[in-house]
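First the structure, in the form of structure tokens, and then the observations on it.
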Amino acid sequence: MSVEFCGIELAHPVINGSGTFDAIAARRAFGNAIDEEFPFAAFVSKTITLAPRAGNPPPRLWEAQAGLINSIGLPNKGLERYIAEDLPELARLPVPLITNVMGSTAEEIASLLQACDARPEIAAVELNVSCPNVQTGLDIGADPLALERVLRAVRAELHKPLIVKLTPNCADVSACALAAQKGGADAVSLINTLRATALTPADGHKQTLGPADPWLGGGSGGLSGAAIRPVALAQVAAVAKRIAIPVVGMGGIQNALHARQFLGVGARLVAVGTESFRNPSIATRIATELDCVHGPHSLV
Amino acid sequence: MSVEFCGIELAHPVINGSGTFDAIAARRAFGNAIDEEFPFAAFVSKTITLAPRAGNPPPRLWEAQAGLINSIGLPNKGLERYIAEDLPELARLPVPLITNVMGSTAEEIASLLQACDARPEIAAVELNVSCPNVQTGLDIGADPLALERVLRAVRAELHKPLIVKLTPNCADVSACALAAQKGGADAVSLINTLRATALTPADGHKQTLGPADPWLGGGSGGLSGAAIRPVALAQVAAVAKRIAIPVVGMGGIQNALHARQFLGVGARLVAVGTESFRNPSIATRIATELDCVHGPHSLV
Amino acid sequence: MTTDVPGPARVLAPFGRRLLTVTANETLGAYRVLKAADPSGPEPAAGQFAMLAAAERWGAGEDERPYVPRAFSYARFKDGEAHFLLEDVGPGTRRLCELGEGDGLWLLGPLGQGFAAPEQGRRVLLVGGGVGIAPLAIWQDELGAGEPHSDDASRTDDEPHPEPPRMKVLLGFRDSAHVEGAALLENAVLASDDGSVGHRGRVTELLCDELDRDTHATVYACGPPRMLEAVRALCAERDVPAQLALEAGMACGFGACYGCVVPSRSGYLRVCVDGPVIDAAELEHVETHAGSPR
Amino acid sequence: MTTDVPGPARVLAPFGRRLLTVTANETLGAYRVLKAADPSGPEPAAGQFAMLAAAERWGAGEDERPYVPRAFSYARFKDGEAHFLLEDVGPGTRRLCELGEGDGLWLLGPLGQGFAAPEQGRRVLLVGGGVGIAPLAIWQDELGAGEPHSDDASRTDDEPHPEPPRMKVLLGFRDSAHVEGAALLENAVLASDDGSVGHRGRVTELLCDELDRDTHATVYACGPPRMLEAVRALCAERDVPAQLALEAGMACGFGACYGCVVPSRSGYLRVCVDGPVIDAAELEHVETHAGSPR
Ligand SMILES: Cc1cc2nc3c(=O)[nH]c(=O)nc-3n(C[C@H](O)[C@H](O)[C@H](O)COP(=O)(O)OP(=O)(O)OC[C@H]3O[C@@H](n4cnc5c(N)ncnc54)[C@H](O)[C@@H]3O)c2cc1C
Ligand SMILES: Cc1cc2nc3c(=O)[nH]c(=O)nc-3n(C[C@H](O)[C@H](O)[C@H](O)COP(=O)(O)OP(=O)(O)OC[C@H]3O[C@@H](n4cnc5c(N)ncnc54)[C@H](O)[C@@H]3O)c2cc1C
Ligand SMILES: Cc1cc2nc3c(=O)[nH]c(=O)nc-3n(C[C@H](O)[C@H](O)[C@H](O)COP(=O)(O)O)c2cc1C
Ligand SMILES: Cc1cc2nc3c(=O)[nH]c(=O)nc-3n(C[C@H](O)[C@H](O)[C@H](O)COP(=O)(O)O)c2cc1C
Ligand code: FES
Ligand code: FES
């Protein structure tokens, strides 16, 4: 029933999408129940950067048709405080920890990987090369050549599995996945949110014709949830066909049927993001149902 | 109330998305009513290629959450029969005709433009550089340099407005729009459908864990409709900010509020696609409501 | 309405969908008969269909479907009231099956190409499977059932009406709950998969017997693709003209999306404008994977 | 339930949403009081909230929203029944306002940080605006209204209970239909924008008068951001401790999405885990653009 992922043994194939579950905040809200009933087979932390980030001004959320647009802006306490304050808390979780990091240069990424390498609490690192909410100039994840180059430059710093979280906002995601594989990634994960925007509604449902006022404090954001699932499934299928390393599939997964579709097109694991906002224990249910109906996931 | 678009006077700012309305078939279904109540301010024909194309095997449609996935595969009778058989029919429409064409090489595109140039029935040409349903190798529309090069090579063949229909499946759509402008486009239109896929449901709602079977005859397809509107709005806003030529905005527009949002972020015209399937005269209603509430569109 | 001379096989639709009011939703065994007042709508030709959507909560089902409207054959059109025979097979049909008197129903139609009149002198064979009997009911209304009709009695015009063609109605169903749908037609010979009513087995076996008896017939068939393929093959072998009312997954219903195609000898046909009634001779085979529920 | 000693300001939620059954949906002027049986749920602390979603047709409204659940303060919790005060401002509240007895309601909660007890000896001022009166009602229940309660009479334990703090309730509403919501609390002094009931003007004017009379008070306030900002400023000028129950657009309610932030002196706070009740001293100003409806 367990599943092997980059040499890590997981109890089932359902993890969380980075930035969509905060285990420490969940402990404040739910107490120890969260450790006893932890829904994910591994915990992926929210993107950490070298320096602390405040994130974008509010509002940060807009509800779309069958989806959610967020413009969170990667708020985080920075690497140092993450390691000092959060790691001890996260080490108490009953599942392996995957730390998600982002840097805008190879040097920054190398420092992040070095720091993670030194911490036994961290089982693997997910490198976010795709977040559309943050102005890093160009997304390295969207350019296969740049991506491969950066990965080659930093890969040696980490003696643990490296997952590259691809950006969906690119011309050919399978080319990017191949570049990640060539650059030394042990797995890829996708999809991150699709670049999207929403406008401030003027007096209720009327929108004036004047220059439009963006709703989100960050100007624009990323679309997640059910609306993006067909796009996610296509990208995961294309990537799984092209590379040999395992794939973590996500994007709009709401139930076991959806999870099975992602596994069916070649994902090794699936991640649940937005749906956890609607139902925080949905991952447990998905894992149970995957298991009941179809037995061992080694079938996949 | 009328709006000027590349030197063409249109009665209002709502046109159709290519491939989402067939005026000739509509005449078979609705008779002359279609000419009397034609909903669009210009008619954009379905993509025409040099050689006839059968299109993809069925099934070609999948209904997603608040969206539609199609894998039509650009069936068309080819340039010659389009000109001989369809143009006379389309010339009877009460609105200007925009012919949408696609070619996989500069030579093919040049031939298509030449042919359109020679026909007075055609007011403008829309060049599809973005259709994700067809295997043209690489989408030229996703690569700014390639796009500019092709456009420069062919632009002189057409002495009419050239609209470039961009692909949304790219890393930076505003860079592509800028390339189109540099290459000689008089306008750009976006967004085309987002690459997407769907799997065959096994016995009703259960999906087996085995290798997944794509539902669409063409393997994968493109997502349109409400689900993509936040992505479309972001791309249209980004493009309109970056270029000086007019923009035709589309993607999930369902009502006048949505149309106003696209106009608000800088589109000169809007196009309605999938919503016409749900309500064939919706464009008329949108045009009327745009007009009633806000007066002349020259405000935009 | 019984007319003795079939009308044109394609009646034009007004441009734009109409908001109708549901007048009744009646259970008919495993099916529902949904009736809606369409006072301003034209009378459809038999075999034509309409695109339907509930006025409320369309986009509200499981998985937030249905999103696009759904195609349904006119099963009857009487005094400005359209009747549809529905089988609940998914979110769209489920939502329509829920509608009650007074609810709003969006309708675009009549659409498509209906049945063409039989060649003079040929016997008419109506062959229906499951919910596919719907267009045969209105076709029987048009052709006349071959039985005296009560409203014929009241006719006072003294023009001679042509004899209604000789007709045989062969209908097949899954089980006894579905067989109840046969009440939509008159004088039907029945088959059921489970043998609960009529012939145990396929309706195409009944057709085979009929054609073995006499091939001077025109066949009109509607039902699951596999049944239609069997009908096509039986008729083709015997040179019997057949008109098949096909199904395909549709988004628009008026030729706009090119989504509803089936292969034919002359390439892909759009079921919504080139059909749904298609001359069997145009088909090499009946596509079984065109996105219809059966 | 009236308890004389306020409980902890944060009661933990069971992990996972619970399916409750709606027991009543009562009109209260312009508002609705939605009640649901939550027999297994913990009793919330005053000021805490829950994320609610209808069990059916959530994702079914206009534009196919609501999609994520919506936050509502507990207005009361009595004998295993949770009460919420609702104002219809959009698709989510509209859908919840439609629910009737027996309907299913998903609830995740209690969530967030509630009100902290007043400093001994300080007078309590409850200041509410519009639907923001909801958490003040349950807080008044906890603190004791300062009036004899019928169920107190039946108490047989002979421990001396501390005097309930002196309390003044100041509530402001738009108009007379909204003023009816005041029935949720006892002994309220009222203000209305249109002067139809009580003081014509803002509730913060009543607060100003109170504080001018005597600043030895703790203020508990909930309402639109502009009102809260006025409360904050009035209290800050006079060094009066204030606890503000804030609102922000939320997706999760349990700290997962980082969507519900408001700026504070120490950076952004997540209203759902760091609040909704926040000490006014932590805020430089009350954010008016955090995605809440007012
Ligand atoms: C011309 C015509 C006439 C018809 N007449 C009648 C009639 O008189 N009575 C009647 O009951 N039916 C009739 N139908 C069939 C009817 O249109 C379908 O049953 C209906 O569209 C099903 O919709 P649904 O939402 O209930 O089911 P769906 O969920 O749409 O399922 C129906 C079938 O579509 C496929 N499917 C499943 N999920 C999807 C998806 N997400 N996207 C696309 N396809 C999917 C599968 O093959 C499934 O079995 C007719 C169809 C046509 C084309
Ligand atoms: C802690 C807390 C406690 C609350 N307690 C109560 C209570 O007791 N009673 C009560 O009635 N309300 C309460 N609210 C407010 C309630 O949560 C909102 O009124 C509700 O979420 C509105 O949802 P809606 O779908 O009805 O309206 P929405 O359409 O979501 O509109 C509400 C506001 O959200 C913004 N908005 C509009 N469209 C969108 C969109 N697409 N995406 C994002 N934002 C949008 C606008 O500012 C709009 O005015 C509370 C909120 C919080 C955070
Ligand atoms: C509110 C929110 C915050 C997110 N934050 C991050 C993040 O910090 N790092 C990251 O790599 N992805 C982040 N994501 C992307 C998700 O991990 C996931 O890739 C995406 O939401 C698609 O999955 P879903 O549709 O199941 O939500 C975030 C998504 C949401 C909705
Ligand atoms: C069924 C269908 C067929 C389409 N065919 C074409 C086409 O032939 N050429 C083209 O440029 N775009 C085509 N498109 C894309 C639309 O013109 C439009 O860009 C897209 O659907 C987004 O708009 P919408 O969400 O309003 O449908 C097609 C879209 C659909 C849904
Ligand atoms: S259903 Fe759209 S072309 Fe037939
Ligand atoms: S609502 Fe998600 S963090 Fe507060």
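Proteins get letters first, then strands, A, B, ... in listed order; numbering begins at 1 in each.
The candidate from B:Glu63, B:Arg285, B:Arg28 with the greatest count of non-hydrogen atom pairs under 4.5 Å with chain C is B:Glu63. In terms of non-hydrogen atom pairs under 4.5 Å with chain C, the most contact-rich of B:Pro57, B:Ala25, B:Pro59 is B:Pro59.
Using a 4.5 Å cut-off between heavy atoms, B:Ala23 makes no contact with chain C at all. Only the backbone of C:Met250 comes within less than 4.5 Å of a heavy atom of chain B; no side-chain atom from C-beta onward does. Proximity to chain B (any heavy atom under 4.5 Å) is restricted, for C:Tyr268, to the side chain, taken from C-beta onward. Heavy atoms of B:Thr274 lying under 4.5 Å from chain C belong exclusively to its side chain. Of the two parts of C:Arg18, neither the backbone nor the side chain holds a non-hydrogen atom closer than 4.5 Å to a non-hydrogen atom of chain B. In this structure, chain B has no heavy atom under 4.5 Å from any part of C:Ala53.
Contacts of B:Phe262 classified as ring-ring contact (aromatic ring centres under 6.0 Å, His included), with partners at least two apart in sequence or in another chain: none.
Taking the centre and axis of the six-membered ring of C:Tyr67, the NZ or CZ atom of B:Arg278 falls inside the cone set by 45° and 6.0 Å.
For the pair B:Asp22 and C:Gly255, the tightest heavy-atom approach, listed with the atom from each and the gap, is CB-O, 3.3 Å. Of all heavy-atom pairs between C:Phe15 and B:Pro280, the closest is CZ-O, 3.4 Å. Considering all non-hydrogen atoms of both residues, B:Pro75 and C:Tyr258 come closest at CG-CD2, 3.8 Å. Across all their heavy atoms, C:Gly16 and B:Ser281 have their closest contact at CA-OG, 3.8 Å. For the pair B:Phe277 and C:Ala256, the tightest heavy-atom approach, listed with the atom from each and the gap, is CE2-CB, 4.0 Å. Residues B:Ile72 and C:Cys257 come closest through the heavy atom pair CD1-O, 3.1 Å.
Residues of residues 30-41 of chain B having a heavy atom under 4.5 Å from any heavy atom of chain C, listed by number: B:Phe30, B:Gly31, B:Ala33, B:Ile34, B:Glu37, B:Pro39.
For C:Glu98, the CD atom counts as densely surrounded, since its 6.0 Å shell holds more than 12 non-hydrogen atoms of other residues, nucleotides or ligands. Applying the 6.0 Å contact sphere to CZ of B:Arg27 captures more than 12 heavy atoms from other residues, nucleotides or ligands. Under a cut-off of 6.0 angstrom, the local environment of CD in C:Glu282 is crowded, with over 12 non-hydrogen atoms contributed by other residues, nucleotides or ligands.
Rounding to the nearest 0.5 Å places CZ of C:Arg65 at 10.5 Å from CG of B:Leu68.
Taking 4.5 Å as the limit, every side-chain heavy atom of C:Val262 sits out of range of all side-chain heavy atoms of B:Pro58.
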